Amino acid sequence: MRTPSLYSQDDPISAALKPSPSETEAEARRVSEQIDEDLRQERERLKRNKGDVKLLLLGQAESGKSTLQKQFQLMYKPNSIDQERTSWKTVIYFNVVHSLKHILATLETWDDSLDEDSLEECASLVPNRTRVNGIAHQPSPSASLMNSSSITSGLLGSPDRPNTAGSSQPVSASREHSALQIGNLRRRLTQLMATDAPLADRLSGGITVSGSGKNNVYVRSGWQARTIENALGRIKPNYNDELKKSRGLIIDAGQDILVQDVGRMLTAAKDDIKELWSHPTVKGLIARRKLKLDEWSEFFLRHISRVAAPNYTPTTDDILHARIQTIGVAEHVFDVNIHGKSVSWHLFDVGGARGQRHSWVPYFDDANAIIFVAPVSAFDQVRDLIRHLDSFSVLSATTSHNLSIFHSVFFG
Ligand SMILES: Nc1nc2c(ncn2[C@@H]2O[C@H](COP(=O)(O)OP(=O)(O)OP(=O)(O)O)[C@@H](O)[C@H]2O)c(=O)[nH]1
Ligand SMILES: [Mg+2]
């Protein structure tokens with residue numbers, strides 16, 4: 001039997017490469033020239049991209065990778081942040097609703113009240129205290145999350161607030177009263193709490209990922225555009241919108257009916273949210289570490305008057321604090337001017353959750369540098385050590401000072 005060689009007439013590859021019988025010589029020349037031109041362009045592209053810098057942003061979940069990416073964006077592409085500004089409203093509303101839901105769920109497990117031990121412990125945190133009915137009465141300057149005077153005054157009344165419980169009331173009656181207050185707040189916030197899932201769906205596009213154990217929402221890159229598309233899909237197009245679309249202008253994601261509804265609910269519930277956030281039981285649970293809130297939760301709850309205002313637009317600080325978990329790997333390109341020469345930086349922001357780390361692997365191949373972000377707030381938590389870094393420049397930075405450190409390390 002004859003073995004087919006590369007040049008054999010029977011070889012299927014040779015047959016496929018042969019010009020078709022109907023192809024003229026001129027056509028064959030044109031195809032050949034086109035191939036040469038494609039190869040030339042590819043060579044030029046490779047030459048151009050040779051100077052590009054590929055950066056990997058690595059680190060555990062919530063270490064601040066996406067926040068660092070936002071800071072790069074602010075520094076090198078500030079216009080793009082402005083274009084995305086209204087999309088962040090969906091994330092911030094979601095962050096607020098999710099935080100409130102977490103607070104109410106934790107309160108429920110503690111029967112909406114502080115036990116007497118907790119009350120005593122909170123009171124004992126107060127230095128130079130005076131005591132009313134055995135409970136401390138002075139504010140603690142050291143406890144940032146806990147205003148001790150509000151803990152005691154909420155239960156016993158304060159000079160500038162009507163004494164709801166009455167200072168002569170027994171502590172157990174005050175606790176009951178306090179639980180009743182929280183029950184009422186929970187009832188009034190029910191409708192707002194029901195928007196948690198639809199907001200999550202809006203951001204993730206229905207994607208759910210298991211593995212983090214924190215019940216967070218994950219987003220792929222491009223979610224900003226998706227929230228805008230949702231807004232477009234859900235509103236009846238009018239002449240102005242069509243005009244804007246035809247001119248390629250981005251339509252306000254705040255026009256999304258869901259986001260508008262949540263905004264209205266937040267405005268209506270603003271005082272209830274403030275009351276819940278400053279409630280002595282909530283402050284007491286935080287002080288006793290029975291209620292743990294992320295920094296971004298506290299930030300948005302502290303600024304609830306502004307966030308829940310009608311016509312709210314996220315500020316840059318709000319965008320930096322907004323929290324949304326990354327899924328997969330998102331590439332961001334920035335043109336950076338280094339000593340008068342423009343260099344394209346390709347920044348790869350990865351998902352840091354344990355179940356996401358397999359997707360980092362292919363990105364190590366031709367990376368020029370890795371920025372490893374470590375959260376200083378997690379200094380006492382068990383952390384994974386990164387094992388793949390031998391041949392790379394590694395920069396470990398917290399995002400507060402990241403850019404200045406980064407600049408000094410890379411550009412001297
Ligand atoms: N105080 C403070 N908070 C920060 C800093 N950097 C990030 N944060 C907050 O930490 C939260 C998490 O940050 P992200 O940037 O989303 O974390 P990530 O590393 O991208 O997390 P994954 O996408 O889950 O891997 C955000 O709400 C930020 O506001 C920082 O330097 N200081
Ligand atoms: Mg991220």
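Heavy-atom basis, side chains included; hydrogens, waters and symmetry copies ignored. Since this is a predicted model, take the numbers as computed values, not measurements. Whatever order the structure lists them in is the order used to number ligands and atoms, beginning at 1.
Against a heavy-atom cut-off of under 4.0 Å, Gly352 is close to the following atoms of ligand 1: 22 (P), 25 (O). Taking every non-hydrogen atom of Gln60 and a distance limit under 4.0 Å, the qualifying atoms of ligand 1 come out as 19 (O). Here is the list of ligand 1 atoms found below 4.0 Å of a heavy atom in Thr326: 23 (O). Applying the 4.0 Å criterion to heavy atoms of Trp296 picks out, from ligand 1, the atoms 27 (O). Taking every non-hydrogen atom of Glu62 and a distance limit under 4.0 Å, the qualifying atoms of ligand 1 come out as 12 (C), 17 (O), 18 (P), 19 (O), 21 (O), 22 (P), 24 (O).
For Gly59, the closest heavy-atom approach to ligand 1 does not fall below 4.0 Å.
Residues Gln73 and His332 bring no donor and acceptor atom of their side chains to less than 3.5 Å of each other. A side-chain donor from one of Asp52 and His346 sits under 3.5 Å from a side-chain acceptor of the other.
When only interatomic distances are considered, the shortest N/O to N/O separation between Lys65 and ligand 1 falls below 3.5 Å.
Residue side and main chain included, Thr326 places an N/O/S atom under 2.8 Å of the Mg ion (ligand 2). At a threshold of 2.8 Å, the Mg ion (ligand 2) has no backbone or side-chain N, O or S atom of Thr67 nearer than that distance.
With a 4.0 Å heavy-atom cut-off, ligand 1 is reached by no atom of Lys70.
Taking all heavy atoms of His321, Gln69, Arg323 into account, the minimum distance to atom 16 (O) of ligand 1 is reached by Arg323.
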